[in-house]
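Sequence positions, counted from 1, serve as the residue numbers for this chain. We count ligands from 1, going down the list as the structure has it; atoms in each ligand are counted the same way. We use all heavy atoms of the structure for the numbers below, so side chains are in, but hydrogens, waters and symmetry mates are not.
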Amino acid sequence: MNKKQVVTRFPPSPTGTLHIGGARTALFNWLFALHHNGKFVLRIEDTDRARSSKEAIDSIIESMKWLGLDWDEGPYFQSQRAEIYNEFIERLLSSKKAYYCNCSPDELERKRIEAKERGLKPKYDGKCRELGLGKSPDAVIRLKSPLSGTTRFKDLVKGVISIENEQLDDLILQRSDGSVTYHMAVVTDDIKSGITHVIRGDDHINNTPRQILIYNALGEPIPQYAHLPMILGPDKSPLSKRHGATSVLAYKEMGFLPHALVNSLARLGWAYGDQEKFTVQELIELFSLDHVGKSSGIFNMEKLLDLNAKYIREADDGNLAELLIPFLTNLGCSNLSREKVKGALRTLKARSKTLLEMAQGALFFFKEIDYEKQADERFLIPEVLEILKDLLLDLKGAPSFAQEQLENIFSIFLERHQIKLGKVAQPLRVALTGKTVSPGIFEIMEVMGQEMVIKRLSNAISHIKSKKGP
Ligand code: GLU
């Protein structure tokens, strides 16, 4: 049998930034297409001009690129496709599946109220259905929906869903100003792009029978549908700001690796046993709608943080450096050498949950330091002055700053002074980093290099001297 190529789509309405829920929908469509060697189409549903914005479009596209969800076609913009929609509406008019209706808004409103008063579902009464009206300035175009029968589809996640056609209205397809309505645009675009699978949030499930009626009227086959359960927070209430940031780019700014977020998104409603970590390749190979559950996915920020920490630990230093440099730059560092950034991040990889945390922890390598007050008061004290001065001499004479070399110098130095490393390590740490907590002292000295270490140690010595007074 000649199987059709799978084509999926992600059609965001650009009324705000891309949120976790939208990103999960995009990811599932992307994975499904790639799994089947198919195509993934990006379409911007910007027919609501008043609520759409260029900033939202840019931020959605930036979010998709950051997540690595590349598309094969598009982005198409609904606002630029009026001609195509008109062509499809023309098809419906000429096959008598749609008709002009010139009922005035006042009349419709009056009928709506009357129906409600009589306890009936407010629905267009079909007054113009058979009148054969032509185009006029105030006329809209409506779909001639079937008056009886059932519209049924098999959702790949939810199972069979059916609705009596009596319940469905003669939908407006085109407004009197000539603009097309939402359902007509979606169906036209999906047909034009050859969409085979519509994977979307279950908040759209009520739209589906209405859209199917349009497919039927056009004589086009309907795609397969998969409506994804909504996403909840750890307390089982719908995911919202209360549970942490909801916009994808906020996660970028907080220093998450895109792959950590992709991994967490993949697990929102989809599972493969208990496996928590997947490479992109594994996700593509393993993803299937059969493993999308009926129950809601839970988005857990704590888990995401742990996952991010794991990915940071495993990341290649060169790649991590590329990702870290913008964070360091944002924090005011300039003239960053990639090699030094790599050295710095090696000391911090095991202790950072996010790139932002890592950049903050690495600042002392790249920027002038201030001593933390308590660290200064406790460790940069006259009692250590002579020891630090002597250490400075040894360090000035060091032939290299490789860790083993430093360890040697220190063991001779400690032996000479008959002291333990603990005695000198904290004052030295404060002198070099301004803080009492940092990665290992030899590690950071190696990355800083001789010149910087000597400068900082000399500064600390002068600082202690100034405390002693003249
Ligand atoms: N534009 C819709 C939204 O952003 C999606 C419509 C669809 O998937 O059919 O929610």
Side-chain angles (χ1 to χ4, degrees), residues 6-33 38-64 67 69 71 73-81 84-85 88 151 153 155-158 161 171 173 179-215 218 220 222-231 238-240 246-249 265 268-269 289 292:
V6 164
V7 188
T8 63
R9 46 38 149 214
F10 179 55
S13 305
T15 54
T17 54
L18 182 64
H19 281 194
I20 294 296
R24 190 264 311 247
T25 302
L27 175 65
F28 280 23
N29 279 285
W30 184 81
L31 288 174
F32 190 78
K39 244 179 13 185
F40 175 57
V41 178
L42 177 61
R43 175 170 85 224
I44 304 292
E45 302 209 318
D46 57 348
T47 43
D48 186 345
R49 304 300 281 166
R51 294 180 60 226
S52 302
S53 74
K54 166 96 173 58
E55 293 73 49
I57 296 171
D58 292 346
S59 100
I60 290 168
I61 288 183
E62 188 188 340
S63 307
M64 303 265 298
L67 290 170
L69 306 180
W71 49 94
E73 252 185 47
Y76 294 116
F77 291 86
Q78 286 191 328
S79 58
Q80 296 167 7
R81 293 166 66 82
I84 303 172
Y85 304 138
F88 274 64
T151 296
F153 66 100
D155 190 272
L156 296 173
V157 176
K158 312 250 170 197
I161 294 184
L171 217 62
L173 304 176
S179 63
V180 75
T181 57
Y182 173 70
H183 293 302
M184 185 65 207
V186 169
V187 170
T188 305
D189 285 332
D190 285 345
I191 293 170
K192 271 296 217 192
S193 296
I195 301 299
T196 56
H197 292 77
V198 169
I199 306 170
R200 59 186 174 195
D202 64 7
D203 47 333
H204 286 286
I205 205 154
N206 289 336
N207 293 336
T208 304
R210 292 171 173 79
Q211 294 178 3
I212 288 177
L213 291 184
I214 303 179
Y215 279 96
L218 286 162
E220 297 281 351
I222 64 167
Q224 303 241 50
Y225 290 95
H227 287 91
L228 308 172
M230 70 191 311
I231 300 170
L239 189 67
S240 73
T246 50
S247 111
V248 167
L249 290 184
L265 293 173
L268 291 174
L289 290 170
V292 174

Distance-only, no hydrogens or angles: does the [X] side chain make a donor-acceptor pair with backbone N or O of [Y] under 3.5 Å?
X: Arg24; Y: Leu268; answer: yes
X: Thr181; Y: Leu173; answer: yes
X: Asp46; Y: Gln78; answer: yes

Show which atoms of ligand 1 fall inside a sub-4.0 Å distance from at least one heavy-atom site of [X].
X: Arg200; value: 7 (C), 8 (O), 9 (O)
X: Ser13; value: 1 (N), 2 (C), 3 (C), 4 (O)
X: Pro12; value: 4 (O)

- prompt: Can you tell me the protein heavy atom closest to atom 10 (O) of ligand 1 and the distance?
  reply: His204 NE2, 2.9 Å
Minimum-distance protein heavy atom relative to atom 1 (N) of ligand 1: Glu45 OE1, 2.6 Å
- prompt: Charged N to carboxylate O under 4.0 angstrom, Asp189 versus Lys192?
  reply: no
- request: Classify the contact between Arg9 and ligand 1 as side chain, backbone, both or neither, using a heavy-atom distance cut-off of under 4.0 Å.
  value: side chain
query: Which bit of Tyr182 gets closer than 4.0 Å to ligand 1, counting heavy atoms only: side chain, backbone, both or neither?
result: side chain
query: Say you draw a straight line from OG of Ser193 to OH of Tyr76; how long is it, rounded to the nearest 0.5 Å?
result: 5.0 Å
- prompt: Just distances here: any N/O of Val186 and N/O of ligand 1 closer than 3.5 Å?
  reply: no
- prompt: With Phe40, which of Val7, Leu31, Asn29 fulfils side chain to side chain contact (heavy atoms under 4.5 Å, CB included)?
  reply: Asn29
